[in-house]
Amino acid sequence: MSNRDVIARDLNAVWHPCTQMKDHEWLPLVPIKRGEGIWLHDFDGNRYLDAISSWWVNLFGHANPRINAALKDQIDNLEHVILAGFSHEPVVELSERLVEITPAPLSRCFYTDNGSSAVEVALKMSYHYWKNCGNPNKTKFITLTQSYHGETLGTLGVGDVALYKETYKPLLMEAVTVPSPDCFHRDPDMSWEQHSRRMFAHMEAALEAHAHETAAVIVEPLLQCATGMRMYDPVYLELLREACDRHGVHLIADEIATGFGRTGTLFACEQAGIVPDFLLLSKGLTAGYLPLAVVLTSDHVYEAFYDDFATLRAFMHSHSYTGNPIACRAALATLDIFRDDDVIARNRALSAHMRRAVAHLEDHPHVGEIRQHGMVLAMEMVRDKSAQAPFPWQERRGIRVYQHALTREALLRPLGNVVYFMPPYVITEEQIDHLATVAAEGIDIATRD
């Protein structure tokens, strides 16, 4: 079996996500045969350093022996069972441990199959809570520009990706959208905290105008990943929590991408010292092994649905694979690694090295900013540095970085003009140095006229 064999078969049968399939007339697919640690290996003997954690999910390397062993044991005992009216030990233990590592009053776990579904659950649960409490008119949601919360219809409605909103607009609910606190566009003499505070005025105004009809505000804490790794200061979350309480609106924290150590703490909300009404987790929850997501909320929310059946107040939402035992076991093995190894402390050292490795690019004429939250570092390519003017998106400069990186044993997948590192936590300092070299080369190539 060769790369060419797999590619030919693939293009006859597979429709890939987030892809204009015609691109593969000139941009070859990369078939992967196996993974080991930080590396992905193809069928022709090439390898690629997985700098993006296979779409931000892989925390502890491919084919991790500890997680593999847990899955093998679970498969021999129970592969799946309905979670309505039944239970199993992995889902009980996982729920107990998630409640233990998240702050009070989060105390209840509702499981889904993926991140988009978790967002759907939180939106429905927030609206349904207010309905059960006698406020059926609270049907709106407030979101940020540049936000991304998934690609089902409900999640697209509270996202702000122009391509999706323009394409599917007739099918989507309308959210109240306020300007993002994204610090890339701050004034030159302004700090991240100052800019984030100033931008909160837009959220405050939206809450004052719409709180009576708003169920919840939904945000990605600290880091808006899919729209270019946009970042902001924790003070925005502090202000948001206080304002949501004051206006009687739920706060949904979408930590699907930011949870489990990505931003420097186990959960991004920790850096602001706040607790959301709904905490959404997925991706790193199973260290990239299996689809699983969870919505954590409080007994206060749970009790609004707890009643006799005839009242029809129950939360009626389900997925066939809800709380799958094998996925739960992968999540438990992931939490074991966090418990047994000093992961967060090691990540702090790695993230500091990551910043040092690319520091020289601060002076690059086409790097407008290097920004970082923990184990996520982004470098924004710009046409004009003095004006922070972007390259036209039609030029697809990021693909040039991607193509170059593949020739240098690295998987980098820029978001438009933003080159980023979001590697598994098992990466070494030497491997970070290699990525920095490859990224610098790729940026040079991509920004040539």
* Structure fact -> Hits for ring pair (Phe, Tyr, Trp, His ring centres under 6.0 Å) against Y321, two or more places apart or cross-chain, chain-then-number order -> H80
* Structure fact -> So the salt bridge (Lys or Arg N to Asp or Glu O under 4.0 Å) pairs with at least one residue in residues 308-322 (sequence neighbours excluded) are D307-R313
* To do: List the steps and the verdict of side-chain hydrogen bond (donor to acceptor under 3.5 Å, both in side chains) for E213 and H210.
  => CA-CA 6 Å; E213 58 183 353; H210 298 285; 2.7 Å; yes
* With distance as the sole criterion, is a donor-acceptor pair present between the side chains of D50 and S54 under 3.5 Å? -> yes
* Which residue pairs pass the ring-ring contact (aromatic ring centres under 6.0 Å, His included) test with at least one member in residues 160-198, sequence neighbours excluded? -> W192-H373
* Structure fact -> Output for pair (T102 OG1, R97 CZ), nearest 0.5 Å, gives 12.5 Å
* Validation row: Y111, N324 side chains within 4.5 angstrom (heavy atoms) -> no
* Asked: Would you call W56 and I256 a side-chain contact if the rule is heavy atoms closer than 4.5 Å?
  -> no
* Asked: Which residue pairs pass the side-chain hydrogen bond (donor to acceptor under 3.5 Å, both in side chains) test with at least one member in residues 277-290, sequence neighbours excluded?
  -> N68-Y289, R241-D277
* Does a side-chain heavy-atom distance below 4.5 Å link L172 with L153? -> yes
* Asked: Taking all non-hydrogen atoms of both residues, which atom of A206 and which atom of V176 are closest, and how far apart?
  -> CB-CG1, 4.2 Å
* Structure fact -> When rounded to the nearest 0.5 Å, the distance separating CD1 of I432 from CG of L350 is 5.0 Å
* Identify the two heavy atoms, one from I75 and one from I326, that lie closest to each other, and give their separation to 0.1 Å. => CG1-CD1, 3.9 Å
* Asked: L29 versus V14: any side-chain heavy-atom pair under 4.5 Å?
  -> no
* Asked: What ring-ring contact (aromatic ring centres under 6.0 Å, His included) pairs are there with at least one residue in residues 235-262, not counting sequence neighbours?
  -> Y129-H250, W130-H250, F200-Y236, Y232-Y236, H250-F278, F260-F267
* Over all heavy atoms of both residues, which pair between L296 and L106 is shortest? Give the atoms and the distance, please. => O-CD2, 3.8 Å
* **Taking every non-hydrogen atom, the tightest pair across N132 and A304** => ND2-O, 3.0 Å
* Structure fact -> For E220 and C225, the nearest pair of non-hydrogen atoms, with its separation, is OE1-N, 3.5 Å
* Asked: Any donor and acceptor pair, going by atom type alone, linking the side chain of H88 with main-chain N or O of G323 inside 3.5 Å?
  -> yes
* To do: Check whether any side-chain N or O of E238 sits under 3.5 Å from a backbone N or O of G273 as a donor-acceptor pair, and report yes or no.
  => no
* Got a sec, which pairs hit side-chain hydrogen bond (donor to acceptor under 3.5 Å, both in side chains) with one end in residues 134-143, sequence neighbours left out? -> T143-S147
* Asked: Applying side-chain hydrogen bond (donor to acceptor under 3.5 Å, both in side chains), which residue pairs with at least one partner in residues 253-268 are found, sequence neighbours left out?
  -> S53-R262, H149-D254, E255-T258, T263-Q271, T265-Q271
* Asked: How far does CG of L332 sit from CZ of R339, to the nearest 0.5 angstrom?
  -> 9.5 Å
* Asked: Heavy-atom distance under 4.5 Å between the side chains of P17 and E151, does that happen here?
  -> no
* Could you tell me whether a side-chain N or O of S196 sits under 3.5 Å from a main-chain N or O of E193, the two making a donor and an acceptor? => no
* To do: Decide yes or no on side chain to side chain contact (heavy atoms under 4.5 Å, CB included) for V401 and M381, but give the supporting numbers first.
  => CA-CA 11 Å; V401 179; M381 297 187 292; 4.1 Å; yes
* Asked: If every non-hydrogen atom of A440 is compared with every non-hydrogen atom of L361, which pair is closest and at what distance?
  -> CB-CD2, 3.9 Å
* Return yes when atom CE of M21 has more than 12 non-hydrogen atoms of other residues, nucleotides or ligands closer than 6.0 Å, and no otherwise. => yes
* Would you please name every residue forming a salt bridge (Lys or Arg N to Asp or Glu O under 4.0 Å) with R34, sequence neighbours left out? => E36
* Structure fact -> For A439, the side chain to side chain contact (heavy atoms under 4.5 Å, CB included) test, sequence neighbours excluded, returns M379, L412, V419, F421
* Asked: Among pairs that include at least one residue of residues 368-379, which meet salt bridge (Lys or Arg N to Asp or Glu O under 4.0 Å), considering only residues two or more places apart or in two chains?
  -> R186-E369, E369-R371, R371-E380
* Side-chain donor/acceptor of Q224 to backbone N/O of T145, under 3.5 Å -> yes
* Asked: Please walk me through it: do E362 and R355 pass salt bridge (charged side-chain N to carboxylate O under 4.0 Å, His left out)?
  -> CA-CA 11 Å; E362 293 275 8; R355 184 61 189 233; 2.7 Å; yes
* Pairwise salt bridge (Lys or Arg N to Asp or Glu O under 4.0 Å) hits with a residue in residues 152-168, at least two apart -> D160-K165
* M375 side chain reached by P423 side chain, heavy atoms, under 4.5 Å -> yes
* Structure fact -> The residue among T334, N64, I337, I67 that forms side-chain contact (heavy atoms from CB on, under 4.5 Å) with L59 is T334
* To do: Answer yes or no: is there an ion pair linking K124 with E120, defined by an N-O contact shorter than 4.0 Å?
  => no
* Any salt bridge (Lys or Arg N to Asp or Glu O under 4.0 Å) involving residues 99-111? Give me the pairs, sequence neighbours left out, ordered by first then second residue. => R108-D299
* Would you check if L207 and V217 make a side-chain contact, meaning some heavy-atom pair closer than 4.5 Å? => yes
* Asked: Is any side-chain heavy atom of L237 less than 4.5 Å from a side-chain heavy atom of V219?
  -> yes
* Asked: How far does CG of L222 sit from CE of M231, to the nearest 0.5 angstrom?
  -> 9.5 Å
